[in-house]
Amino acid sequence: MKARVFVTLKPAVLDPQGKAIQTALNGLGFDEALSVRQGKVIDLELAGDDAAAAEKSVGAMCEKLLANTIIEDYRIEIL
Amino acid sequence: MKARVFVTLKPAVLDPQGKAIQTALNGLGFDEALSVRQGKVIDLELAGDDAAAAEKSVGAMCEKLLANTIIEDYRIEIL
Amino acid sequence: MTNYHEDTTAEIVKEHGLSDDEYKLAIEILGRAPNLLELGIFSVMWSEHCSYKSSKKWLKTLPTEGPQVIQGPGENAGVVDIGDGDAVIFKIESHNHPSFIEPYQGAATGVGGILRDVFTMGARPIANLNALRFGALDHAKTRHLLSGVVAGIGGYGNCVGVPTVGGETNFDPAYNGNILVNAMNVGVAKTDKIFYSAAGGIGNPVVYVGSKTGRDGIHGATMASAEFDDESEAKRPTVQVGDPFTEKLLIEACLELMSGDSIVAIQDMGAAGLTSSSFEMASKGGTGVELDLSTVPCRETGMTPYEMMLSESQERMLIVLKPGREADAQKIFEKWELDFAVVGTITDTGRMVLKFEGETVGDLPIDPLALASPEYDRPWVEVPMPAFVELNVPSSVKALDALKTMIGSPDLASRRWIWEQYDSSVMADTLQKSGGDAAVVRVHGTQKALAMTTDCTPRYCYAHPETGGAQAVAESYRNLVASGAKPLAATNNLNFGNPEKPEIMGQIVGCVKGIAEACEKLDMPIVSGNVSLYNETDGKAILPTPVIGGVGLMQDSSVMTKIAFDKEDLDLIVLGSSNGHLQQSIFAKQILGSQEGQPPAVDLDKEELTGRVVLSLIENEMVVACHDISDGGLVVAVTEMAMANGIGAELNIDESDFGLLFGEDQARYILATEDSDSILLAAENAEIDALVIGKTKGNALTLASGASISLSELSAAHETWMPGYMEAPVSREA
Amino acid sequence: MKSAVIVFPGSNCDRDMQVALREVAGKEPHMVWHGDSQMPEVDVIAIPGGFSYGDYLRCGAMAANSPIMREVVAKANQGTAVLGVCNGFQVLTECGLLPGALMRNASLKFVCREVNLTVEDNTTAFTFNYSKNKPIRVSVAHGDGNFFAEQATLEKIEGEGQVAFRYCNAQGELVDTANPNGSMNAIAGIFNEKRNVLGMMPHPERHADPATGGNDGRLLFESLMGALS
Ligand SMILES: Nc1ncnc2c1ncn2[C@@H]1O[C@H](COP(=O)(O)OP(=O)(O)O)[C@@H](O)[C@H]1O
Ligand SMILES: [Mg+2]
């Protein structure tokens, strides 16, 4: 069973990396890039095949390790 | 118009981050994590509202800047 | 008639880079046609990279011995005695091509590789240096390559916790398609705890430790062959990704194992991974080796013996243990969370036998293959000394304006933007980092310190290879001396174009000749090194770039000198002869637009003598600050000394004496002193020219005429060029 | 003063910390491996710099979850002095002993240079050998030292006087060019409320010997020595 976790900076947190990418894109002539934010995506291969259990366990992983909830939000997809 | 780009290491490329996360998860008792790979997700806010044009321009951004196609694959979603 | 194994075809043999003659020789050695796995092994063992087939003949002419040398070239790194039972172990290595393909990972894995060469021998790595060459500033890739390479070097070195303390950086259009990334590492070991790579002890276990093996770095050319058609080429990266965290664990685990007595031989898996490491260990030990490839820890499923033998996955080592020590060793590697597997045994057959899933999949004789690796005497033409060129300085040129232009130019501007991305003070023994002459790192827990530097002036080497080769060694010698260290020995990285062209071969021969003479005369034997050839794109070669990595010793680090003026009213003395040699200088290039003529002559007797005198003056504490004179000449050197601490100088030099101000005559040092009488006397006794050029004073640089420029103006020019260039917005054409 | 230095896989300033503590206290610190679950009885626990677990997910995140950190948190709550430097600071925020988070440097580049710091409070065990009016000079060497806290948290940190050090110029002025990483309010180090836990990005242990960079860092260890012996 597979799960995907998105970890993104909270909207209120400055994202210098996203900003740098946007500046670089604009510099390359991609003026259409109005704003850019960068996050992490973590793909997990999980034992078992109970989606609800997987969602719960991945949620615990996020709280414990995968995200720092002071600055980051996370979202889980069970695939 | 919004687009999302997933940038992931090609399957055969060593992913030290993923490996370290997996070891840490297992160490925390999440034995169900069998394998972990980490990638980037880049969220773009784009000018215009032509989905086909957006897809094309984001593809060009990926080739030029967002992904390192020597070691990374990318996938685009127009939202 | 040539014949082929059923696995292979003429096409596949060609893709492996073997010439017809080499293939015939392979058949002769085996007594049959090699299968694909064996062909792969021949190909990597006889590649330029592993066999040095074009350069071997000339490398043999380098001086490699001396009472201080414990181990010269031929092992993973050179070993030099520094007294009290301590040894310094060091080497330089190139990662040019990988860094051009993928600058971050290419440079990072270059650092990882050279670290392994050094700690394999029992040393704790204590310092990294890097010698970098990039293309034209307006070339589309230069900025991208430079930022990626610097981030990669920092990313790896910072994480493993070894300070990066020095290096050099040049730009020239000749490197547009072939940048140079040479990484040097210096480590310290106990002389009775040095580990070598010669296998021994029939029946001893061969152990694999570190990371798992993946399909990294297996050569693109071999992808087409039948074995691989089930996966697309896109999935088979030839770029290796470095894992500095694992390297750090590997260092600690290996040093922990080395503190006991379980190891017979140890070798890192570098280029050509498992093949060259096992081959070299067996060949050096005069033994055979049998490997069971089914036991190799693999990162991916379905890996073939061919892939395992040729993989260049990073952070791996091969160890021959004493019998019965497997469990002890395993415990250490498990503590550090590293893979550990017994993969084979040492045999007395003199052959390498490869087993996989119970079958023999390869069987090759070791010595015949290793010793028969080709050695070429490639044709070469001597590069003559260019004609003397008279350079006239137009009256419109003003010395201090020229100085400001030069000090803020890409050739001489500060590299702070680079070195601030490197952790230079971790390990808390760095006494002197980037920004001066040599870097100086204390031998932990002692008063001793090691000085280290990398040097090469490619424009001199191009003008006249023999002079340029000697100059690189001489400059390295001077940088060590100027910091107060006695030069000990050197490593070298020979970067050139295609050796099959007689004029390129002529550059190689000339540079090696110059290096050999200089190392002999300056008593800096070459103890290790690396050769990187075929640095060409579209038939255009790089400038000949034989980088010298010099190492020196200070018995008492409290005598160390720096370049900074630390007070006013110090006398400034130039030691050595100033003849006003402007040809091939930065002044000629930047101000006169000339890149013609002869490089400055290198008089090795004078170098040796002047260095010896300067060192004794430093050791007798007569010198407050010291700097050698190199790129840019005397006034550039004074400016660097002044900017380092914001204290200026009044020079009694004529504004129009361009030869004295900017000439690049060799064998010269600037000394700042409170004891000029003693220095002048010492110079007179040694029959060395000495010239009092002025005093430290104020916060400007002033010439005899009263013409003056403030240090803040000079510093601004010096410091702003690189950040300005690197941080400028990406251009639309890029 | 009895001390312990926690060693994680990937720590690389553990020896530097060990030397500084040994030199000042005249006693060999305990080097405590991350897998150990027993913490020796000590007066101060130091979490050194480096790249624990490669810092691959987020700096300090994995180390914060290691068994030994449960012990460190327990000791800190009982009042033992805890010093986290660089990666150690990141670990302390990740495990909740200190507020806020350390993000990528604003320049997006690793930065190693000497910086000047104001000493905001010289009444603590860590700082009482410092003067409030004289900036100190130590090195930073990090890629993720950009201190961030939500507005309310930041106000609380400031209001309670929990800021230990700020980046300043040689004259002690808080100017943007002196801030090497973009930290909010130029924060270089903070205390917990009880002032027994200090996290800081700059490396005092690299400045505990005049030969390698002066004595300004040593004074921190001497303060501890004075307060805890
Ligand atoms: N790539 C680099 N990495 C680290 N330090 C560098 C690098 N390039 C230049 N430097 C530093 O910049 C200073 C000036 O370099 P260089 O002009 O080559 O010195 P020198 O002329 O004394 O050999 C030296 O201290 C050198 O160590
Ligand atoms: Mg020099």
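Computed from a predicted structure; not experimentally measured. Naming: A, B, ... by sequence-line order, numbering from 1 per chain.
Atom NZ of K2(A) has 12 or fewer heavy atoms from other residues, nucleotides or ligands within 6.0 Å.
Residues of residues 40-47 of chain A placed with any heavy atom under 4.5 Å of a heavy atom in chain B are listed by number as K40(A), V41(A), I42(A), D43(A), L44(A), E45(A), L46(A), A47(A). Chain B is approached within less than 4.5 Å, heavy atom to heavy atom, by S57(A), A60(A), M61(A), K64(A), L65(A), L66(A) from residues 53-67 of chain A, ordered by number.
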